[in-house]
Amino acid sequence: MAHIQLNYFSNALIKDCQMDVLLPQMTADHPDWDETKLTDIPVLYLLHGMSDDNTSWLRKTRLERLVKNIPIAVIMPNADLSWYANTNYGLNYYDAIAIELPQIVHEFFPQISTKREKNFIMGASMGGYGAYKIALSTNHFSYAAALSGAFNPSGSNTTLESFRSQNYWDGVINQRSDFENSPENLLHVVQQKLALNESMPKLYAWCGKQDFLFQDNQNFVNDLKNLKISVDGEFTNGKHDWYYWDKFLENVLEWLPIGYVPEERLC
């Protein structure tokens, strides 16, 4: 894999931004990855959480090793502390990540597919919320996965609320006073998608039973199932920690339709 650290200008944010990119490369290990194989390649957008940035998935997981045998691109943007929202303070991170970023990616890397069936998105914590939000509010992604997804930033989870001040939450989550009908409410986004009779992405969710977001995850998955929406959910022992996100990253790669090839492991 080639690793590219890319600085680019975002017109949606009117500022310089960063992303990390993994691209499959023809090498002696993969001589069959010719121009044909590396054209229209699938892509996974990988979103970070509140205390992380675009480098976190590379620094804290086995990501590059796990995808080295798959002709897939991985895009890791920086969304700061935005909750992937068009914020109340005038920075339109939703527009920048959900709409503008795929266009920029294809402009710089035309070998990456624009087909919905080859575009996937996932994230951890705030990034899991962002992955679902973007996949459910657009028609660009066919699969969306969340690890410890922070699915309910309504103000009711006191642990999540305690991480930042009320001024912060008022800035990034629009209409928290009317969260039920807010564009930041994933259940509301789902109901809008159903009303428009749009194709639903395939969904995966994992959360650990010792995670402070466990109950929010269970509630949201149950809400989706009550709406007859299929979710591949796994709830095991685990905390809100990179050890578990690294472990279940491999489960997501196996779940995606990418022909995942596991590492050779002799013990």
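For reference, positions follow the sequence shown, starting with 1.
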Verify same cluster id: [X], [Y] (apolar side-chain graph, 4.5 Å):
X      : Y      : value
Leu147 : Tyr244 : yes
Leu63  : Tyr204 : yes
Leu47  : Trp206 : no
Val74  : Leu256 : yes
Tyr84  : Ile104 : yes

For the backbone of Arg62 and the side chain of Asp246, can you confirm whether one donor and one acceptor N or O come within less than 3.5 Å of each other?
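Judged by distance alone, yes, a pair lies under 3.5 Å.
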
Are the side chain of Asn92 and the backbone of Asp95 linked by a donor-acceptor contact shorter than 3.5 Å?
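Absent.
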
Which ring pair (Phe, Tyr, Trp, His ring centres under 6.0 Å) pairs, counting each pair once, include a residue from [range], with sequence neighbours left out?
range            : value
residues 100-126 : Phe120-Tyr143
residues 30-73   : His30-Trp33, Tyr45-Phe141, Trp57-Trp242
residues 63-82   : none

side-chain hydrogen bond (donor to acceptor under 3.5 Å, both in side chains) involving Asp232 - partner list, sequence neighbours excluded
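Testing Asp232 for side-chain hydrogen bond (donor to acceptor under 3.5 Å, both in side chains), a comparison that skips the adjacent residues, returns Trp255.
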
Residue list, side-chain hydrogen bond (donor to acceptor under 3.5 Å, both in side chains) with Asn222, at least two apart or on another chain:
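Per chain and number, Asn222 pairs via side-chain hydrogen bond (donor to acceptor under 3.5 Å, both in side chains) with no residue.
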
Would you indicate whether the side-chain heavy atoms of Asn119 and Pro102 approach each other to under 4.5 Å?
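Contact flag for Pro102/Asn119 side chains = no.
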
Quick check: are there more than 12 heavy atoms from other residues, nucleotides or ligands sitting under 6.0 Å from CD of Glu180?
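No - once you tally the heavy atoms of other residues, nucleotides and ligands closer than 6.0 Å, there are 12 at most.
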
Side-chain H-bond candidate by donor/acceptor type, Ser154 with Asn152, under 3.5 Å:
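Yes - a donor-acceptor pair under 3.5 Å links their side chains.
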
Fit a plane to each ring of Phe235 and Phe214, take the angle between them on a 0 to 90° scale, and name the class: parallel (under 30°), tilted (30 to 60°) or perpendicular (over 60°).
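Because their plane-to-plane angle is over 60°, the rings of Phe235 and Phe214 count as perpendicular.
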
How would you list, by chain and number, every residue that makes a ring-ring contact (aromatic ring centres under 6.0 Å, His included) with Trp83, sequence neighbours excluded?
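By the ring-ring contact (aromatic ring centres under 6.0 Å, His included) rule, Trp83 matches Tyr129, Trp169.
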
